[in-house]
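Here is the structure we will look at, set down as structure tokens.
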Amino acid sequence: MIAPWLFDNPILTKHARSRLRRAQATSIGLVVVVICSCLLWSGFQAGGQFLQQGGLFVAYFSLQGLALNLVGMSQVASSIGQVNDSGVLDFHRISPLPPTTTAIGFLLGAPIREYFVVLLILPFSFFAAMNSQPGIVGFVATGLVLFSSTILFHLLALTAGLLAPRGRTRSTNVGLTLFVVCCSMSSASVMQGIPIPGLLAAGPSVAEAMLWNNLKGPAGANWPTFFGLELPLWVQSLIYQWPLIVFLAIPVVRRMRSAEASLYSKSTAVAFLATISLLNMGGIVGHKNLRPEWVIPSLLYLNLFMSLFITLAITPSLSTFHNHLRRTHKHKLSRPSIWADESSNRAAVLLLAALTFALVQGVELFVPKVPGAGPAADFLIPTLIAVSTIVYFGFAAQYFAIRIGPKGKIAMGMFLFFVWLMPLILGALCTAAFGGNAGNMVASVSPVYGIAMRSPVALGSSVVLLVLFGIALVREEARLWAKIRDEATPAVIDAETAWQ
């Protein structure tokens, strides 16, 4: 099953032949071997101390990570962006090549030169590991995490390249590079018990293998756990990375099959957010230093923005929704299915909001409250703000999509500007003119500010918008459904009359 994906993959073969020509491979290999040999020589010249303390292994590992996670990721985004802009990707979609094979061809083929570089560094890295602190166990553990994080970042680049507008590959590469740098720089936060996004990179696993700075701290207080289990950091990294790899591979394969396909099905989208919530709970339960005052707002913001992204990924366009209604009427069903890919996002959005509410309840259950916290520990208002915001955002996105059509994205952007951004601007102006209370009240209309401030004003505005867009969406869906049935009915009557 795996052999056709790798050894009978024309896209992978094409990338290997174009990026590993004999002259290029020879020159790159010579440069890499010379650099690694110089590093090895400098390690021995330092009296063996640099080698035995693991500094040489870290240097080799850093070169491998730089080649795979930065240069390789940029190559993946550029490669898929070029074939998408030129229209070659549409040819791959109509070819008999399976979409999974196409995705693997770009995933492994675009950075194949970087894999070649890493393969050349591998013997030097292994020699350094066997003669220093990591040893064989640390070498294998860090290698697994590096490979896993590479697949994760490359899938992210592949998804971004498929979704990026034509000619925007450069800006996509900049954003992806900043994301990788952010994950790498967050490795220090892992030592404070904050697993994400630090464990998405290989830095914490390297630090664990090198036994740097007594990572566990006093009585293991700062050691990140997973549902209270004190697992090795490389195991926790794999636990966090592979579910994300699976849910990033799904939209890539779906878009390789069709340019019009939604990124996720309704059930997969709900499972995606449930998985993220479960991983977040795994890092929270059993932690000794967490306080609900900052954990719950952080999780609310994370689930809010993840829910908004997932909602946009499952919201069908007007033409897609029309086709779904026509097929429903053709099959003589009483009502359209709520779980089809082309159906309205109402049911999925409600489940996304319910998952966010359940996450907060789980945190309040497992994270002990600070004694004497009083009303500051009451998170009902910000939770309801986040839940209602997720619901009305989904309803609004679906309403604008089926009411206005292709211009619905513009209308949605204008709506978010006036409801989310404009209150923040007016709040800042009111603060300068009238003082802090007036500015806070105006700014708290926006859920971005209202969640942090636990504002009843934000809750009231969110509930009102939820009701308005809920009614508008139901009426619009009913209107389109009635229109489809009315268009089909006269055709049947005319045919029977003509036959008579």
Side-chain angles (χ1 to χ4, degrees), residues 163 165 171 175 178-179 263 269 273 276 294 296-315 344-346 348-357 359-360 379-404 406-434 436-473 476:
L163 298 179
S171 60
L178 292 177
F179 175 75
L263 297 182
L273 187 64
I276 293 176
W294 63 270
I296 290 180
S298 301
L299 290 179
L300 283 176
Y301 280 113
L302 176 63
N303 265 44
L304 172 63
F305 289 108
M306 283 301 305
S307 298
L308 302 189
F309 164 76
I310 294 174
T311 298
L312 294 177
I314 62 175
T315 300
S344 173
N345 64 15
R346 279 187 294 134
V349 165
L350 291 174
L351 283 179
L352 295 177
L355 283 173
T356 302
F357 184 82
L359 174 65
V360 175
F379 300 101
L380 180 60
I381 290 180
T383 303
L384 293 179
I385 294 173
V387 168
S388 56
T389 301
I390 292 172
V391 175
Y392 83 67
F393 179 91
F395 288 176
Q398 187 64 82
Y399 172 76
F400 287 129
I402 64 176
R403 179 65 181 178
I404 306 177
K407 297 182 180 179
K409 295 181 180 179
I410 300 176
M412 186 66 185
M414 294 298 296
F415 166 73
L416 294 179
F417 172 78
F418 285 109
V419 176
W420 286 19
L421 186 59
M422 200 63 191
L424 300 179
I425 299 175
L426 293 178
L429 296 177
C430 291
T431 300
F434 307 108
N437 292 333
N440 284 335
M441 181 171 294
V442 174
S444 62
V445 174
S446 170
V448 177
Y449 188 71
I451 292 176
M453 298 301 295
R454 299 173 182 152
S455 170
V457 177
L459 177 59
S461 61
S462 299
V463 171
V464 170
L465 290 172
L466 187 155
V467 174
L468 292 178
F469 278 108
I471 295 174
L473 179 59
E476 184 62 22

Inset, instruction - Quick one: which residue pairs count as a side chain to side chain donor-acceptor pair (under 3.5 Å) with a foot in residues 382-404, not counting sequence neighbours? - result: Y392-W420, R403-E476
Inset, instruction - Could you tell me the separation between the CG atom of L312 and the CG atom of L163, rounded to the nearest 0.5 Å? - result: 11.0 Å
Inset, instruction - Determine the minimum heavy-atom distance between A386 and L304, stating which atoms define it. - result: O-CD1, 4.1 Å
Inset, instruction - Supply the atom-to-atom distance C430 SG to I425 CD1, rounded to the nearest 0.5 angstrom. - result: 12.0 Å
Legend entry - Close side-chain approach of L350 and V391, heavy atoms under 4.5 Å: yes
Inset, instruction - Could you tell me the separation between the CZ atom of F309 and the CG atom of L273, rounded to the nearest 0.5 Å? - result: 11.5 Å
Inset, instruction - Keeping the roles fixed (side chain from S461, backbone from A458), state whether a donor-acceptor pair exists under 3.5 Å. - result: yes
Inset, instruction - Find the distance between CG (L302) and OG1 (T356) and round it off to the nearest 0.5 Å. - result: 9.5 Å
Legend entry - Shortest non-hydrogen contact between G427 and V442, atoms and distance: N-CG1, 3.8 Å
Legend entry - A452 backbone acceptor or donor facing Y301 side chain under 3.5 Å: yes
Inset, instruction - Would you name the heavy atoms of L466 and F395 that are closest together and state the gap between them? - result: O-CD1, 4.1 Å
Legend entry - Side chain proximity check, I381 to I385, heavy atoms < 4.5 angstrom: yes
Inset, instruction - For the residue pair L299 and V360, establish whether any side-chain heavy-atom pair is separated by less than 4.5 Å. - result: no
Inset, instruction - Flag the pair F393 / L352 as yes when at least one side-chain heavy-atom distance between them is below 4.5 Å, and no otherwise. - result: no
Legend entry - Heavy-atom pair with the smallest gap, counting every atom of P382 and I451: CB-O, 3.5 Å
Inset, instruction - Mark yes or no for whether N345, through its side chain, and T315, through its backbone, hold a donor-acceptor pair below 3.5 Å. - result: no
Legend entry - Between CG on residue L359 and CG on residue L300, distance to nearest 0.5 Å: 7.5 Å
Legend entry - Flag side-chain contact, heavy atom, 4.5 Å: F400 against K407: no
Legend entry - Atom pair CG/CD1 of L263 and I314 - distance to nearest 0.5 Å: 10.5 Å
Inset, instruction - Determine whether L473 and I402 make a side-chain contact, defined as any pair of heavy atoms from C-beta on separated by less than 4.5 Å. - result: yes
